[in-house]
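One structure is given below, encoded as structure tokens.
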Number of protein chains: 2
Amino acid sequence: MFSQTVEYALRVVVHLAGHAPEAQTTDQIAKTTRVPRAYLSKVVQSLRRGGVVRSQRGSGGGVTLIKSPEELTILDVVNAVEPIQRINECPLGLASHGVHLCPLHARLDKALEHVEQAFAKTTLAEVLSEPTTSIPLCDTPGTDVISTIVERKEE
Amino acid sequence: MFSQTVEYALRVVVHLAGHAPEAQTTDQIAKTTRVPRAYLSKVVQSLRRGGVVRSQRGSGGGVTLIKSPEELTILDVVNAVEPIQRINECPLGLASHGVHLCPLHARLDKALEHVEQAFAKTTLAEVLSEPTTSIPLCDTPGTDVISTIVERKEE
DNA sequence: ATTGAATAGGATGTCAATGTCCACTTGGAC
DNA sequence: GTCCAAGTGGACATTGACATCCTATTCAAT
């Protein structure tokens with residue numbers, strides 16, 4: 001339902017939020033997020049164009065969040081890489097359905113609206129601070145991420 | 001967010017529900033739903049394998065719903081062609097996240113759950129009977145669907 | 001100025017979703 | 001039994017998402 005790229009983008013931003021406000025290099029990000037290194041640069045560029053992160057070239061450079069984790073929502077991230085496509089007009093192109101969607105598409109759009117709202121209400125800070133046994137990305141100091149990878153079933 | 005195939009499948013089922021319990025040929029379905037005729041047969045086959053429709057070969061044959069519109073939900077249709085993929089395990093494969101998703105993925109899965117529930121609660125009969133000016137598919141007698149097609153913007 | 005760290009981005013490969021085509025099978029009507 | 005209507009399904013084309021690779025560009029430190 002959500003694309004792989006959105007999943008990657010969220011991981012990247014969670015990583016950055018966990019280290020804010022320090023800049024992180026793509027190598028560092030790739031390690032903890034397990035996003036393919038070469039593809040990560042594309043994801044980061046999307047996030048930059050979407051106004052979510054700032055990136056700095058040269059030694060000592062890296063990627064940083066533009067907003068603080070308290071102000072940055074999941075929706076901001078999703079919209080930066082792949083905006084949620086609401087249903088604004090009849091997909092069949094029926095003129096008679098003009099402004100008002102038919103009941104079918106109205107329901108589908110309503111579902112999208114709920115998802116959008118849920119994402120808009122959740123900040124990265126909330127995701128990070130939630131009391132739980134599972135820390136997002138699990139990159140807490142002392143934890144070796146690599147060794148905790150388990151066998152995954154083919155899907 | 002929802003695939004083209006899901007959109008097509010829903011149109012097909014709405015058309016069938018509007019004509020239940022009579023069988024409809026793929027040619028008839030293709031006309032009102034504006035699903036590419038050749039691809040429609042694939043969609044119908046998915047619906048058949050998913051237990052949503054029955055199809056009958058030979059002259060006088062066609063496609064019919066197995067359940068009545070009152071019993072058939074949007075979720076039934078969606079699951080037949082492309083089941084909603086809930087997030088059951090940590091996409092990073094982190095063993096420590098085992099049964100419990102981290103807050104990030106828990107939120108994403110929650111959004112999926114809401115969509116699933118909304119779809120499970122909506123029957124085709126509801127979609128068809130809802131008082132509105134826009135009849136789904138707009139295939140009411142006397143309305144020429146083709147002439148109501150409007151110019152669509154490229155997306 | 002030179003060098004090395006680090007992102008930017010174009011070219012290209014791969015694969016699944018979408019879409020098309022056509023030969024085959026099935027079943028009803030005569 | 002013949003014929004035609006209608007779905008079945010395999011082979012193939014197209015497209016965009018995902019991924020990789022390599023070179024160019026930028027910046028800081030020296």
Side-chain angles (χ1 to χ4, degrees), chain A residues 1-12 15-16 19 22-31 33-66 78 80-85 91 154-155, chain B residues 1-13 15-16 19 22-31 33-66 78 80-85 91-92 154-155:
Chain A
M1 188 86 132
F2 307 115
S3 78
Q4 192 65 24
T5 305
V6 163
E7 161 75 23
Y8 288 164
L10 286 169
R11 287 191 210 166
V12 168
H15 173 86
L16 290 175
H19 292 77
E22 296 155 38
Q24 299 287 305
T25 68
T26 51
D27 271 9
Q28 290 173 316
I29 298 170
K31 273 204 186 79
T33 60
R34 306 195 68 73
V35 175
R37 195 163 310 210
Y39 192 60
L40 175 61
S41 84
K42 307 295 180 191
V43 176
V44 168
Q45 283 175 53
S46 287
L47 289 172
R48 186 173 55 78
R49 295 202 194 91
V52 170
V53 303
R54 183 187 315 115
S55 59
Q56 180 69 41
R57 297 209 247 201
S59 88
V63 185
T64 19
L65 292 183
I66 289 181
V78 171
V81 297
E82 197 182 289
I84 292 181
Q85 290 280 330
E154 284 305 306
E155 286 169 13
Chain B
M1 188 86 134
F2 307 116
S3 77
Q4 193 65 24
T5 305
V6 164
E7 161 74 22
Y8 287 163
L10 287 169
R11 287 190 210 166
V12 169
V13 171
H15 173 86
L16 291 174
H19 293 77
E22 296 154 39
Q24 297 288 305
T25 68
T26 51
D27 270 9
Q28 291 173 315
I29 299 171
K31 272 203 187 81
T33 59
R34 305 195 69 73
V35 175
R37 195 165 309 211
Y39 192 61
L40 175 61
S41 82
K42 306 296 179 190
V43 176
V44 168
Q45 281 175 54
S46 286
L47 288 172
R48 186 173 53 79
R49 294 202 194 92
V52 171
V53 303
R54 181 187 318 114
S55 58
Q56 179 69 40
R57 298 209 243 200
S59 89
V63 185
T64 21
L65 291 183
I66 289 182
V78 171
V81 296
E82 196 183 289
I84 292 182
Q85 290 281 331
L92 284 89
E154 286 305 304
E155 287 168 14

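Here is the naming used below: chain letters follow the sequence lines, and residue numbers restart at 1 for every chain.
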Min side-chain heavy-atom separation A:Val63-A:Thr25 under 4.5 Å: no
Holding to side-chain hydrogen bond (donor to acceptor under 3.5 Å, both in side chains), I want the full list of residues that pass it with [X], two or more places apart in sequence or in another chain.
| X | result |
| --- | --- |
| B:Glu7 | A:His105, B:Arg11 |
| B:Ser3 | B:Glu82 |
| B:Arg48 | none |
| A:Gln45 | A:Arg49 |

The reported gap from OG1 in A:Thr33 to CG in A:Leu10 (rounded to nearest 0.5 angstrom) is 11.5 Å
**Report entry** Phosphate-side-chain proximity, A:Arg49 and C:dT7, N/O vs OP1/OP2 below 4.0 Å
**Finding:** no
Report task. Check whether any side-chain N or O of B:Thr5 sits under 4.0 Å from OP1 or OP2 of C:dT18, and answer yes or no. Result -> yes
Students should find that the nucleotides of DNA chain D closing off the region near chain B, any atom under 4.0 angstrom from a heavy atom, are D:dA5 to D:dA11
Could you state the atom-to-atom distance from [atom1] of [X] to [atom2] of [N] in whole Å?
| X | N | atom1 | atom2 | value |
| --- | --- | --- | --- | --- |
| A:Arg48 | C:dT7 | CZ | P | 12 Å |
| A:Gln4 | C:dC15 | CD | C1' | 13 Å |
| A:Lys31 | C:dA6 | NZ | P | 11 Å |

Contacts of B:Arg37 meeting salt bridge (Lys or Arg N to Asp or Glu O under 4.0 Å) (sequence neighbours excluded), chain-then-number -> B:Asp27
List the residues meeting side-chain contact (heavy atoms from CB on, under 4.5 Å) with [X], not counting sequence neighbours, and say none if there are none.
| X | result |
| --- | --- |
| A:Gln24 | A:His15, A:Leu16, A:His19, A:Glu22, A:Gln28, A:Ile29 |
| B:Arg54 | B:Thr64, B:Ile66 |
| B:Arg57 | none |
| A:Pro36 | A:Tyr8, A:Tyr39 |

Residues of residues 52-64 of chain B with a heavy atom under 4.0 Å from any atom of DNA chain C, listed by number, are B:Gln56, B:Arg57, B:Gly58, B:Ser59
What residues 38-46 of chain B contributes to the DNA chain D interface at heavy-atom separation below 4.0 Å is B:Lys42, B:Gln45
